[in-house]
Amino acid sequence: MKGTVLFITGIDTNIGKTFATGMIACALAQKGKRVITQKMIQTGCTDVSEDIEMHRKIQGIPFTEEDKAGLTCPYIFTYPCSPHMAAEKDGRAIDLSVVTEATRRLQEKYEYVLLEGAGGLMVPNDFHSLTIDYIKEQGYPVILVTSGKLGSINHTLLSLFACKQYGIPVRAVAYNLYPPTDELITANTLEYLTQYLAKEFPGTALITLPEATSKADIDISSLL
(Lines give C-alpha, C1' and ligand atoms only; values in the text may rest on other atoms or scores of the structure.)
Protein backbone atom coordinates (compact mmCIF):
# COMPACT_ATOMS: atom_id res chain seq x y z
CA MET A 1 0.00 0.00 0.00
CA LYS A 2 1.42 3.37 -1.03
CA GLY A 3 1.96 6.09 1.53
CA THR A 4 -0.06 9.31 1.66
CA VAL A 5 1.49 12.42 0.14
CA LEU A 6 0.61 15.74 1.76
CA PHE A 7 1.83 18.78 -0.16
CA ILE A 8 3.02 21.57 2.15
CA THR A 9 2.58 24.96 0.54
CA GLY A 10 2.44 28.47 1.93
CA ILE A 11 0.69 31.78 1.38
CA ASP A 12 4.04 33.34 0.50
CA THR A 13 7.75 32.73 0.71
CA ASN A 14 9.34 32.85 4.20
CA ILE A 15 6.04 32.00 5.87
CA GLY A 16 7.44 29.02 7.78
CA LYS A 17 6.77 26.03 5.51
CA THR A 18 10.01 24.36 6.53
CA PHE A 19 9.29 24.80 10.24
CA ALA A 20 5.73 23.54 9.74
CA THR A 21 6.87 20.52 7.73
CA GLY A 22 9.36 19.49 10.41
CA MET A 23 6.89 19.98 13.26
CA ILE A 24 4.10 18.04 11.52
CA ALA A 25 6.58 15.25 10.76
CA CYS A 26 7.42 15.10 14.48
CA ALA A 27 3.75 14.96 15.41
CA LEU A 28 3.07 12.13 12.97
CA ALA A 29 6.08 10.19 14.25
CA GLN A 30 4.81 10.61 17.81
CA LYS A 31 1.60 8.91 16.64
CA GLY A 32 3.69 5.95 15.54
CA LYS A 33 3.58 6.76 11.83
CA ARG A 34 6.44 6.17 9.44
CA VAL A 35 7.00 9.63 7.98
CA ILE A 36 9.57 11.34 5.79
CA THR A 37 9.82 14.87 4.47
CA GLN A 38 10.71 15.83 0.94
CA LYS A 39 11.57 19.16 -0.72
CA MET A 40 10.32 19.50 -4.27
CA ILE A 41 12.94 22.01 -5.42
CA GLN A 42 15.54 23.81 -3.31
CA THR A 43 17.16 27.07 -4.36
CA GLY A 44 19.99 29.03 -2.80
CA CYS A 45 21.98 25.95 -1.81
CA THR A 46 24.78 23.72 -2.97
CA ASP A 47 25.04 19.95 -2.41
CA VAL A 48 22.61 19.74 0.52
CA SER A 49 19.07 21.09 0.88
CA GLU A 50 19.03 23.47 3.86
CA ASP A 51 15.28 22.83 4.27
CA ILE A 52 15.77 19.07 4.54
CA GLU A 53 18.59 19.80 6.98
CA MET A 54 16.18 21.90 9.09
CA HIS A 55 13.51 19.17 8.94
CA ARG A 56 15.98 16.64 10.33
CA LYS A 57 17.14 19.06 13.02
CA ILE A 58 13.55 19.61 14.16
CA GLN A 59 12.89 15.87 14.02
CA GLY A 60 16.08 15.21 15.98
CA ILE A 61 17.36 12.64 13.48
CA PRO A 62 20.41 12.48 11.19
CA PHE A 63 20.21 12.51 7.41
CA THR A 64 18.42 9.41 6.15
CA GLU A 65 19.50 6.99 3.42
CA GLU A 66 16.95 8.67 1.16
CA ASP A 67 18.51 12.07 1.88
CA LYS A 68 21.94 10.80 0.91
CA ALA A 69 20.53 9.23 -2.26
CA GLY A 70 18.97 12.55 -3.32
CA LEU A 71 15.39 11.26 -3.19
CA THR A 72 14.22 13.81 -0.65
CA CYS A 73 15.36 16.77 -2.76
CA PRO A 74 15.84 15.89 -6.43
CA TYR A 75 16.73 19.43 -7.50
CA ILE A 76 19.11 21.83 -5.75
CA PHE A 77 20.03 25.15 -7.40
CA THR A 78 22.56 27.70 -6.24
CA TYR A 79 20.77 31.03 -6.68
CA PRO A 80 18.12 31.97 -4.05
CA CYS A 81 15.20 32.73 -6.35
CA SER A 82 12.17 31.16 -8.04
CA PRO A 83 12.84 27.63 -9.41
CA HIS A 84 12.38 28.66 -13.06
CA MET A 85 15.02 31.38 -12.72
CA ALA A 86 17.36 29.30 -10.55
CA ALA A 87 17.37 26.43 -13.06
CA GLU A 88 18.06 28.82 -15.93
CA LYS A 89 20.96 30.48 -14.08
CA ASP A 90 22.51 27.07 -13.39
CA GLY A 91 22.04 26.00 -17.01
CA ARG A 92 19.73 23.13 -16.09
CA ALA A 93 16.15 22.12 -16.73
CA ILE A 94 13.55 20.84 -14.28
CA ASP A 95 11.89 17.57 -15.23
CA LEU A 96 8.96 17.20 -12.86
CA SER A 97 8.70 13.47 -13.58
CA VAL A 98 11.98 13.13 -11.64
CA VAL A 99 10.27 14.63 -8.58
CA THR A 100 7.22 12.40 -9.07
CA GLU A 101 9.34 9.25 -9.28
CA ALA A 102 11.31 10.21 -6.16
CA THR A 103 8.06 10.75 -4.26
CA ARG A 104 6.72 7.41 -5.50
CA ARG A 105 9.79 5.61 -4.20
CA LEU A 106 9.40 7.29 -0.80
CA GLN A 107 5.73 6.23 -0.73
CA GLU A 108 6.83 2.60 -1.00
CA LYS A 109 8.60 2.81 2.36
CA TYR A 110 6.77 5.47 4.36
CA GLU A 111 3.15 5.93 5.45
CA TYR A 112 3.38 9.71 5.03
CA VAL A 113 5.46 11.83 2.66
CA LEU A 114 5.36 15.55 3.49
CA LEU A 115 6.32 17.23 0.21
CA GLU A 116 7.33 20.84 0.76
CA GLY A 117 7.05 23.16 -2.21
CA ALA A 118 9.13 26.23 -3.04
CA GLY A 119 7.32 29.45 -2.14
CA GLY A 120 3.58 29.67 -2.73
CA LEU A 121 1.04 28.03 -5.02
CA MET A 122 1.67 30.22 -8.06
CA VAL A 123 5.45 29.87 -8.10
CA PRO A 124 6.60 28.85 -11.60
CA ASN A 125 8.66 25.67 -12.01
CA ASP A 126 9.43 26.77 -15.58
CA PHE A 127 7.83 29.08 -18.13
CA HIS A 128 5.00 26.62 -18.74
CA SER A 129 4.08 25.20 -15.32
CA LEU A 130 3.11 26.57 -11.92
CA THR A 131 3.39 24.69 -8.64
CA ILE A 132 -0.41 24.58 -8.38
CA ASP A 133 -0.57 22.84 -11.78
CA TYR A 134 1.72 20.10 -10.50
CA ILE A 135 -0.30 19.65 -7.30
CA LYS A 136 -3.52 19.31 -9.30
CA GLU A 137 -1.93 16.93 -11.80
CA GLN A 138 -0.72 14.64 -9.02
CA GLY A 139 -3.96 14.88 -7.04
CA TYR A 140 -2.18 15.77 -3.81
CA PRO A 141 -4.11 17.28 -0.89
CA VAL A 142 -2.59 20.43 0.54
CA ILE A 143 -1.57 21.75 3.93
CA LEU A 144 -1.52 25.54 3.62
CA VAL A 145 0.90 27.32 5.94
CA THR A 146 0.00 30.81 7.11
CA SER A 147 0.79 33.05 10.07
CA GLY A 148 -0.38 36.09 11.97
CA LYS A 149 1.83 38.57 10.17
CA LEU A 150 0.15 41.64 8.70
CA GLY A 151 -1.36 40.84 5.30
CA SER A 152 -1.72 37.12 5.89
CA ILE A 153 -5.54 37.13 5.86
CA ASN A 154 -5.56 38.43 2.29
CA HIS A 155 -2.89 35.96 1.14
CA THR A 156 -4.57 33.05 2.94
CA LEU A 157 -7.97 33.69 1.40
CA LEU A 158 -6.44 34.09 -2.06
CA SER A 159 -4.61 30.78 -1.67
CA LEU A 160 -7.75 28.99 -0.46
CA PHE A 161 -9.70 30.46 -3.38
CA ALA A 162 -7.04 29.24 -5.84
CA CYS A 163 -7.22 25.72 -4.40
CA LYS A 164 -11.02 25.74 -4.70
CA GLN A 165 -10.80 26.91 -8.31
CA TYR A 166 -8.33 24.14 -9.14
CA GLY A 167 -10.29 21.50 -7.25
CA ILE A 168 -7.42 20.86 -4.82
CA PRO A 169 -8.50 19.61 -1.38
CA VAL A 170 -7.06 21.57 1.55
CA ARG A 171 -6.64 19.10 4.40
CA ALA A 172 -5.50 21.73 6.88
CA VAL A 173 -4.38 25.29 7.35
CA ALA A 174 -1.31 25.38 9.56
CA TYR A 175 -1.27 28.57 11.61
CA ASN A 176 2.37 29.25 12.32
CA LEU A 177 3.20 31.15 15.51
CA TYR A 178 6.95 30.94 14.75
CA PRO A 179 8.53 33.43 14.82
CA PRO A 180 6.27 35.49 17.12
CA THR A 181 4.83 38.71 15.65
CA ASP A 182 2.35 41.35 16.88
CA GLU A 183 0.22 39.60 19.51
CA LEU A 184 -2.98 41.54 18.79
CA ILE A 185 -2.81 40.91 15.04
CA THR A 186 -1.88 37.27 15.60
CA ALA A 187 -4.87 36.65 17.88
CA ASN A 188 -7.31 38.52 15.65
CA THR A 189 -6.10 36.76 12.49
CA LEU A 190 -6.46 33.38 14.17
CA GLU A 191 -10.02 34.22 15.22
CA TYR A 192 -10.92 35.43 11.74
CA LEU A 193 -9.48 32.38 9.96
CA THR A 194 -11.15 30.01 12.42
CA GLN A 195 -14.55 31.53 11.63
CA TYR A 196 -13.83 31.74 7.89
CA LEU A 197 -12.81 28.10 7.59
CA ALA A 198 -15.81 26.92 9.60
CA LYS A 199 -18.11 28.76 7.19
CA GLU A 200 -16.39 28.43 3.81
CA PHE A 201 -14.16 25.34 4.19
CA PRO A 202 -15.88 23.19 6.85
CA GLY A 203 -13.79 20.13 5.96
CA THR A 204 -10.51 21.95 6.48
CA ALA A 205 -8.86 21.76 9.90
CA LEU A 206 -6.90 24.57 11.53
CA ILE A 207 -3.65 23.35 13.06
CA THR A 208 -1.84 25.75 15.39
CA LEU A 209 1.93 25.39 15.48
CA PRO A 210 3.96 26.52 18.52
CA GLU A 211 6.30 29.51 18.75
CA ALA A 212 9.43 27.37 18.91
CA THR A 213 10.72 23.93 18.00
CA SER A 214 9.44 22.41 21.21
CA LYS A 215 7.76 19.03 21.31
CA ALA A 216 4.44 20.70 21.99
CA ASP A 217 1.35 18.64 21.33
CA ILE A 218 0.00 19.45 17.87
CA ASP A 219 -3.47 18.29 16.94
CA ILE A 220 -2.96 16.41 13.67
CA SER A 221 -6.05 14.19 13.98
CA SER A 222 -7.34 15.65 10.70
CA LEU A 223 -4.32 14.23 8.87
CA LEU A 224 -4.65 10.65 10.09
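Everything numeric here is computed off the predicted structure, so don't read it as measured data. Counting begins at 1 with the first residue of the sequence.
- Among all heavy-atom pairs drawn from Gly117 and Lys17, the shortest one is O-CE, 3.2 Å.
- Shown here is Glu183, whose CD atom has no more than 12 heavy atoms of other residues, nucleotides or ligands within 6.0 Å.
- Scanning both residues, Ala174 and Ile143, for their nearest heavy atoms gives CB-CG2, 4.1 Å.
- With hydrogens and angles ignored, the 3.5 Å screen pairs no side-chain donor or acceptor of Gln38 with any backbone N or O of Leu115.
- Other residues, nucleotides and ligands contribute over 12 non-hydrogen atoms within 6.0 Å of the OH atom of Tyr166.
- Here the CD1-OG1 distance, from Ile153 to Thr189, works out to 4.0 Å after rounding to the nearest 0.5 Å.
- Ring planes of Tyr196 and Phe201: tilted class, angle from 30 to 60°.
- Heavy atoms from other residues, nucleotides or ligands lying under 6.0 Å from CG of Asn14 number 12 at most.
- Panel note: side chain Arg171, backbone Leu223; a donor-acceptor pair is recorded below 3.5 Å.
- Remark: side-chain polar atoms of Arg92 are not paired, donor with acceptor, to backbone N or O of Tyr75 under 3.5 angstrom.
- With rounding to the nearest 0.5 Å, the separation of CD1 in Ile36 from CD in Gln59 is 8.0 Å.
- Counting only distance, with no hydrogens or angles, the side chain of Glu211 and the backbone of Leu177 share no donor-acceptor pair below 3.5 Å.
- Between Thr4 and Val113, every side-chain heavy-atom pair lies at or beyond the 4.5 Å cut-off.
- For the pair Glu116/Met40, no side-chain contact is recorded, criterion being any heavy-atom separation below 4.5 Å from C-beta on.
- Tyr79 carries Lys89 over the face of its six-membered ring, with the cationic atom under 6.0 Å from the centre and within 45° of the normal.
- Proximity of a side-chain donor or acceptor of Thr186 to a complementary backbone N or O of Asp182 within less than 3.5 Å is detected.
- Cluster annotation: Phe7 and Val123 are assigned to distinct hydrophobic clusters (Ile/Leu/Val/Met/Phe/Trp/Tyr, side-chain heavy-atom contacts under 4.5 Å, transitive).
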Between Cys26 and Ile58, does the side chain to side chain contact (heavy atoms under 4.5 Å, CB included) criterion hold? Intermediate values first, please.
CA-CA 8 Å; Cys26 281; Ile58 292 171; 4.0 Å; yes
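- Hydrophobic clustering (ILVMFWY, side-chain heavy atoms < 4.5 Å, transitive): Leu193 and Ile185 are in distinct clusters.
- Side-chain N or O atoms of Asp126 include one that pairs as donor or acceptor with a backbone N or O of Ser129 at under 3.5 Å.
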With side chain to side chain contact (heavy atoms under 4.5 Å, CB included) as the criterion, how do Leu184 and Asn188 come out once you've worked through the C-alpha distance, each side chain's angles and the decisive distance to 0.1 Å?
CA-CA 6 Å; Leu184 291 176; Asn188 183 270; over 6 Å; no
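- Ile61 and Leu114 end up in different hydrophobic clusters when Ile, Leu, Val, Met, Phe, Trp and Tyr side chains are linked at under 4.5 Å.
- Contact record, Ala162 with Leu121: CB-CD1, 4.5 Å, taken as the closest heavy-atom pair.
- Contact check for Leu190 versus Leu206: side-chain heavy atoms found under the 4.5 Å cut-off.
- Side-chain contact check for Thr64 and Asp67: at least one donor-acceptor pair (N or O, by modelled atom type) lies under 3.5 Å.
- Residue Met85 is not grouped with residue Phe77 when hydrophobic side chains (ILVMFWY) are merged at heavy-atom distances under 4.5 angstrom, including chains of intermediate members.
- Closest approach of Glu50 to Cys45, counting heavy atoms only: CG-SG, 3.4 Å.
- For the pair Gln42 (side chain) and Asp51 (backbone), a donor-acceptor distance under 3.5 Å is present.
- A distance of 5.5 Å separates CG in Asn176 from CZ in Phe19, rounded to the nearest 0.5 Å.
- Nearest heavy-atom pair, Ala205 versus Ser222, reported as atom, atom and distance to 0.1 Å: CB-OG, 3.3 Å.
- Taking 4.5 Å as the limit, some side-chain heavy atom of Ser152 sits within range of a side-chain heavy atom of Ile11.
- Checking side-chain atoms of Asp90 against main-chain N and O of Ala87 turns up no donor-acceptor pair under 3.5 Å.
- Looking at heavy atoms from C-beta onward, Ile76 lies out of side-chain contact with Asp47 at the 4.5 angstrom threshold.
- Checking Thr146 against Thr156 by side-chain atom types alone, a donor-acceptor pair falls below 3.5 Å.
- Between Thr72 and Ser49, every side-chain heavy-atom pair lies at or beyond the 4.5 Å cut-off.
- Judged purely by atom type and a 3.5 angstrom limit, Thr43 has no side-chain atom pairing as donor or acceptor with the backbone of Ser82.
- The SG atom of Cys73 lies 14.0 Å from the CD atom of Glu66; values are rounded to the nearest 0.5 Å.
- A heavy-atom distance below 4.5 Å is not found between the side chains of Tyr175 and Ile207.
- From Thr208, atom OG1 reaches atom CD1 of Ile218 across 9.5 Å, with rounding to the nearest 0.5 Å.
- No chain of hydrophobic side-chain contacts below 4.5 Å, direct or via other Ile, Leu, Val, Met, Phe, Trp or Tyr residues, connects Val145 to Ile52.
- Atom NE2 in His155 sits 9.5 Å away from atom CG in Leu150 (nearest 0.5 Å).
- Minimum heavy-atom separation, Gly32 to Glu111: O-OE1, 4.0 Å.
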Could you walk me through whether Glu101 and Arg104 satisfy the salt bridge (Lys or Arg N to Asp or Glu O under 4.0 Å) test, starting with their C-alpha distance in whole Å, then the side-chain angles of each, then the deciding distance to 0.1 Å, before giving a yes or no?
CA-CA 5 Å; Glu101 174 61 16; Arg104 186 195 64 77; 2.5 Å; yes
With side chain to side chain contact (heavy atoms under 4.5 Å, CB included) as the criterion, how do Thr103 and Tyr140 come out once you've worked through the C-alpha distance, each side chain's angles and the decisive distance to 0.1 Å?
CA-CA 11 Å; Thr103 304; Tyr140 294 148; 3.7 Å; yes
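- Taking 4.5 Å as the limit, every side-chain heavy atom of Lys136 sits out of range of all side-chain heavy atoms of Ile132.
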Can you list the steps and then say if Val170 with Leu197 is a side chain to side chain contact (heavy atoms under 4.5 Å, CB included)?
CA-CA 11 Å; Val170 182; Leu197 289 174; over 6 Å; no
